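To start, the structure under review is shown below, and the notes come after it.
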Amino acid sequence: MTRRTVLYCHTSRPGGAELAAPALASSIGAEIWSRGEGLTTRYATAIGVPVSVLRQISDRRPSSLRERFNAVLSVVTAQAEVSRLLRRRTHSKVISNTLQGVLHLGIPARLRRVPLIVYVRDLGDGGNRPMFEVLVYRFLLAVCARGVIFNSETTRDSWRLRLPSIVIPTAVDERYFAAPARDRNGGVIMVGRIARWKGQAEVISAMNALADSGFSTSLTIVGEKTFDDNVGLPEARFPVHLAGFSDPLDYLSSGELLVHASTTPEPFGQVLAQAAAVGIPIVCADRGGQTEWLTHNASCLMADPTRVDELASAIGEALSDRLGAEERAVEARSKAQMFRAEVAYEPVGKWLEEVCGR
């Protein structure tokens with residue numbers, strides 16, 4: 001009987017990791033186990049990747065005692081289901097597509113003696129997770145995982161794990177590279193869920209300063225509040241459009257400028273990789289995984305997102321100097337070629353053989 005590789009998606013919510021899962025599964029000959037149906041399962045089916053849809057479970061941060069109990073019960077239920085599936089012993093390895101998946105896979109994989117690989121896309125030290133969560137995940141990784149895939153050197157450094165590891169960036173969907181050139185008259189674009197650390201409030205404050213000085217532009221925020229974040233946005237003195245959860249490509253391909261201003265370092269910056277592939281000029285934070293491949297004044301403009309004056313200056317310069325902005329966008333697009341699926345995921349198969357055996 002053929003022993004299969006499983007790529008486990010702990011959620012079907014449309015995030016960057018989930019949308020990239022079909023291409024990763026295809027490149028390593030894996031099947032996908034997905035919690036619920038969504039874009040991940042549709043994309044996988046479209047390219048011929050086998051998919052098994054598992055029951056959806058709680059996928060939110062608990063805020064009450066009852067929600068905490070339900071979250072623990074969901075994890076136990078998921079572990080029991082995964083253990084039952086792995087009992088057939090026809091799987092050569094199982095790969096968690098996200099850090100959260102180790103909660104479902106760690107104990108069952110260890111008990112069934114199936115090698116577990118975890119794709120870590122979130123920061124440990126210096127990230128947004130509470131220290132207790134970081135310690136729990138670090139323990140589970142150290143005890144249960146055979147190896148770890150990180151999305152950047154920044155992410156790898158933040159976990160300090162003594163496990164075999166490799167850095168593989170999350171691939172960008174080919175449609176971003178294939179997007180046709182359009183008139184860039186869509187103003188400033190921000191893509192990402194609305195949260196305290198994502199910088200929407202800081203960007204509005206910076207653009208208010210530009211508006212007060214006579215600068216005319218607009219801002220479109222693609223994303224919504226999730227995880228019950230209690231974040232408020234300042235009043236804007238310029239046009240702001242809240243697009244909600246929408247396809248980022250529609251906005252990136254027609255916007256004048258992509259601003260990404262996370263105040264906590266981004267592990268990789270998937271939105272920035274997508275923006276670079278499309279060819280929209282970029283202003284971003286001067287910290288995080290994007291600094292490993294974007295360069296200030298060469299492929300983007302960087303600024304301290306916590307300093308309104310510095311952020312406003314970078315946005316104003318990018319919008320005023322269209323020629324310079326386009327030259328930087330061309331350079332960023334050149335750098336983004338490393339994020340095509342066939343390039344980004346090419347080393348994974350050989351590394352998995354070295355760590356887990358054929």
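As the structure is a prediction and not an experimental result, all values here were calculated from the model. Positions are given from 1 along the sequence.
Smallest separation of non-hydrogen atoms from Ser152 and Glu292: CB-OE2, 3.6 Å. In terms of heavy atoms, Thr154 sits closest to Pro267 at CB-O, 4.2 Å. The shortest non-hydrogen separation linking Ala25 to Ile32 is CB-CG1, 3.8 Å. Minimum heavy-atom separation, Ile107 to Cys144: N-SG, 4.3 Å. Of all heavy-atom pairs spanning Pro108 and Val82, the tightest one is CB-CG1, 4.0 Å. Across every non-hydrogen atom of Leu294 and Cys300, the tightest pair is CB-SG, 3.9 Å.
A salt bridge links Glu153 with Arg156: the distance from a Lys NZ or Arg NE/NH1/NH2 to an Asp or Glu carboxylate oxygen falls below 4.0 Å.
By the 4.5 Å heavy-atom criterion applied to side chains, Val148 and Trp159 are not counted as neighbours. Residues Ile28 and Ile95 meet the side-chain proximity criterion, which asks for heavy atoms closer than 4.5 Å. Side-chain contact check for Met190 versus Leu219: some heavy-atom pair is nearer than 4.5 Å. Residues Leu141 and Val120 have side chains in contact (heavy-atom distance under 4.5 Å, counting atoms from C-beta outward). A 4.5 Å side-chain heavy-atom check between Leu233 and Ile221 finds at least one atom pair inside the cut-off. Two residues are said to be in side-chain contact when any heavy atoms from C-beta on lie closer than 4.5 Å; Arg129 and Leu99 meet this criterion. Counting heavy atoms from C-beta outward, Tyr8 and Leu85 have side chains that stay 4.5 Å or more apart. Within the 4.5 Å cutoff, no side-chain heavy atoms of Leu19 are placed close to those of Asp173.
A continuous path of hydrophobic side-chain contacts links Leu161 to Val136 [ILVMFWY only; heavy atoms under 4.5 Å]. Tracing side-chain contacts under 4.5 Å through hydrophobic residues (I, L, V, M, F, W, Y), one never reaches Met338 starting from Ile168; they form parts of separate clusters. Val172 and Val49 end up in different hydrophobic clusters when Ile, Leu, Val, Met, Phe, Trp and Tyr side chains are linked at under 4.5 Å. A chain of hydrophobic side-chain contacts below 4.5 Å, direct or via other Ile, Leu, Val, Met, Phe, Trp or Tyr residues, connects Val6 to Leu140. Residues Leu163 and Val118 share a single hydrophobic cluster, defined by chaining ILVMFWY side chains whose heavy atoms lie under 4.5 Å apart.
Sorted pairs that involve residues 37-46 and meet salt bridge (charged side-chain N to carboxylate O under 4.0 Å, His left out), not counting sequence neighbours, are lacking altogether. Residue pairs meeting the salt bridge (charged side-chain N to carboxylate O under 4.0 Å, His left out) criterion with at least one member in residues 257-269, sequence neighbours excluded: Lys198-Glu266. Every pair passing side chain to side chain donor-acceptor pair (under 3.5 Å) that includes a residue from residues 136-151 is listed here, sequence neighbours excluded: Asp125-Arg138, Asn151-Thr155. The stretch residues 335-349 participates, sequence neighbours left out, in these salt bridge (charged side-chain N to carboxylate O under 4.0 Å, His left out) pairs: Glu174-Arg340. Pairs passing the ring pair (Phe, Tyr, Trp, His ring centres under 6.0 Å) check and including a residue from residues 310-348, sequence neighbours excluded, read Phe268-Phe339, Trp293-Phe339.
Using a distance-only test at 3.5 Å, with no hydrogens or angles considered, a donor-acceptor pair links the side chain of Thr45 to the main chain of Thr41. In this structure a side-chain-to-backbone donor-acceptor pair under 3.5 Å is missing from Ser218 to Pro239. With Asn97 contributing its side chain and Ala17 its backbone, the two residues share a donor-acceptor pair below 3.5 Å. Side chain of His296 to main chain of Met302: a donor-acceptor pair is present (N/O by atom type, distance under 3.5 Å, no hydrogens or angles). Without hydrogens or angle criteria, Asn208 side chain to Glu235 main chain gives a donor-acceptor distance under 3.5 Å. A donor-acceptor pair under 3.5 Å is absent between the side-chain atoms of Tyr43 and the main chain of Ala21, judged by distance alone. No donor-acceptor pair closer than 3.5 Å links the side chain of Gln56 to the backbone N or O of Thr11.
With rounding to the nearest 0.5 Å, the separation of OG1 in Thr170 from CD in Glu18 is 10.0 Å. Note: Glu256 CD to Asn185 CG = 7.0 Å, rounded to the nearest 0.5 Å. Rounded to the nearest 0.5 Å, atoms CD1 (Ile189) and CG (Leu258) are 8.0 Å apart. Taken to the nearest 0.5 Å, the CG atom of Leu54 stands 7.5 Å off from the OG atom of Ser34. Glu31 contributes atom CD, which lies 5.5 Å from atom OG of Ser52 (distance to the nearest 0.5 angstrom). To the nearest 0.5 angstrom, Arg333 atom CZ is 14.5 Å from Ser299 atom OG.
By the side chain to side chain contact (heavy atoms under 4.5 Å, CB included) test, Pro234 is found to be paired with Ala201, Ile204, Ser205, residues two or more places apart in sequence or in another chain being considered. Applying the side chain to side chain contact (heavy atoms under 4.5 Å, CB included) criterion to Leu210, with sequence neighbours excluded, gives Phe215, Ala312, Ile315. With sequence neighbours excluded, the residues that form a side chain to side chain contact (heavy atoms under 4.5 Å, CB included) with Glu327 are Leu323. Qualifying salt bridge (charged side-chain N to carboxylate O under 4.0 Å, His left out) partners for Arg110, counting only residues two or more places apart in sequence or in other chains: none. When the side chain to side chain contact (heavy atoms under 4.5 Å, CB included) test is applied to Arg55, the partners found at least two apart in sequence or on another chain are Arg35, Thr77, Glu81.
Put simply, the residue from Thr263, Val203, Val259 that forms a side-chain contact (heavy atoms from CB on, under 4.5 Å) with Pro305 is Thr263.
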In a table with atom names and distances, give each donor-acceptor pair under 3.5 Å that connects a side chain of residues 271-289 to protein atoms at least two apart or in another chain.
residue: Arg287; atom: NH2; partner: Asp304; partner atom: OD1; Å: 2.8

Ignoring hydrogens and angles, write down the donor-acceptor pairs under 3.5 Å from the side chains of residues 242-252, residues two or more places apart or on other chains.
residue: Ser246; atom: OG; partner: Ala243; partner atom: O; Å: 2.9
residue: Asp247; atom: OD1; partner: Arg175; partner atom: NH2; Å: 3.1
residue: Asp247; atom: OD1; partner: Leu249; partner atom: N; Å: 3.1
residue: Asp247; atom: OD2; partner: Arg175; partner atom: NH1; Å: 2.9
residue: Asp247; atom: OD2; partner: Arg175; partner atom: NH2; Å: 3.4

